Amino acid sequence: MKIILAIVLGSLFGFALYFAGASNSKKLLSMLRLEDISLMKIILFAIGFSSVLLFFANFIGIFDISHLSVKASNVGVILGGLIFGLGFGAVGTCPGTCVAASSSGDLKKAIAAVLGGLAGAFAFSMTYGMWKNIGLFSAMDLGKLTLFNISEKYPSVVNIGFSGLLITGIIFMAAALLLPQRIRRESEIF
């Protein structure tokens, strides 16, 4: 039953990516260049809306937010994020969007992104011991730090309780609604 649920939810997610234009590498690149930020607005609103839903699900007892897992903050996570961002910007797709992109004609790019992700994961797993021994994971080790309290297991930057989900959600949704569709460049002004 879990695999069927995963396939259904994954298909719905892929459809949402395709419908929003997140599977289109040209649209992704124009977002990253800040030329057309309509996709960024959709992403901001979706993060905000899901945060608000998560807050209310926790508030009425449908979902226990303390079950969420938090990734440790360290230099390895920051370096990995930078490498991922550079690859995303260079190719215009990522493993999450490339599967949806494969149905829209970007099959070669999708296969390259998946193979690149698998190669990177393999290279990291083969060299994990070396990175750990040289102290990459202990450098700047802040542990499993959260922005605000989601449970007693994790320290937080701001002690405002799980209401931080509601506040963050509202801020993200407001930003999505207030941002312009397109950012004008200096060359377009004159």
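Fair warning: this is a prediction, and the values are worked out from it, not measured in the lab.
S50 contributes atom OG, which lies 9.5 Å from atom CZ of F172 (distance to the nearest 0.5 angstrom). Between atom CG of residue L115 and atom CZ of residue F122 there is a gap of 13.5 Å, rounded to the nearest 0.5 Å. In this structure, CG on L12 lies 12.0 Å from CD1 on I7, to the nearest 0.5 angstrom.
Hydrophobic cluster membership differs between I42 and Y18, with clusters built from Ile, Leu, Val, Met, Phe, Trp and Tyr side chains linked at under 4.5 angstrom. When the side chains of ILVMFWY residues are joined at heavy-atom separations under 4.5 Å, either directly or via intervening members, V8 and I3 end up in a single hydrophobic cluster. In the hydrophobic clustering of this structure, L28 does not group with L17; members are Ile, Leu, Val, Met, Phe, Trp, Tyr whose side-chain heavy atoms approach within less than 4.5 Å, directly or through other members. Under the 4.5 Å side-chain heavy-atom criterion for ILVMFWY residues, a single connected hydrophobic cluster contains both I134 and I78. Linking ILVMFWY side-chain heavy atoms closer than 4.5 Å, directly or via other members, places L39 and F19 in two distinct hydrophobic clusters.
Within the 4.5 Å cutoff, side-chain heavy atoms of M173 are placed close to those of V52. Contact check for M1 versus L5: no side-chain heavy atoms found under the 4.5 Å cut-off. Side-chain contact check for M40 versus L34: some heavy-atom pair is nearer than 4.5 Å. Side chains of S38 and M31 form no contact here, defined as non-hydrogen atoms less than 4.5 Å apart.
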Counting only pairs under 3.5 Å, give me each side-chain donor-acceptor contact of residues 53-65, with atom names and distances, residues two or more places apart or in other chains.
{"residue": "N58", "atom": "OD1", "partner": "I65", "partner atom": "N", "Å": "3.0"}
{"residue": "D64", "atom": "OD1", "partner": "S66", "partner atom": "N", "Å": "3.2"}
{"residue": "D64", "atom": "OD1", "partner": "S66", "partner atom": "OG", "Å": "2.9"}
{"residue": "D64", "atom": "OD2", "partner": "S66", "partner atom": "OG", "Å": "3.0"}
{"residue": "D64", "atom": "OD2", "partner": "H67", "partner atom": "NE2", "Å": "3.3"}

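The minimum heavy-atom distance linking A175 with L44 is given by the pair CB-CD1, 4.4 Å. Between S51 and G169, the shortest heavy-atom contact is CB-CA, 3.9 Å.
Heavy atoms of other residues, nucleotides or ligands lying less than 6.0 angstrom from CZ of F88 number more than 12. Taking a 6.0 Å sphere around CG of L82, one finds it holds more than 12 heavy atoms contributed by other residues, nucleotides or ligands.
By the ring pair (Phe, Tyr, Trp, His ring centres under 6.0 Å) test, F124 pairs with Y128, sequence neighbours left out.
Judged purely by atom type and a 3.5 angstrom limit, K41 uses its side chain to pair as donor or acceptor with the backbone of L179.
Applying side-chain contact (heavy atoms from CB on, under 4.5 Å) to L29 and the options R33, K27, K26 leaves one that passes, R33.
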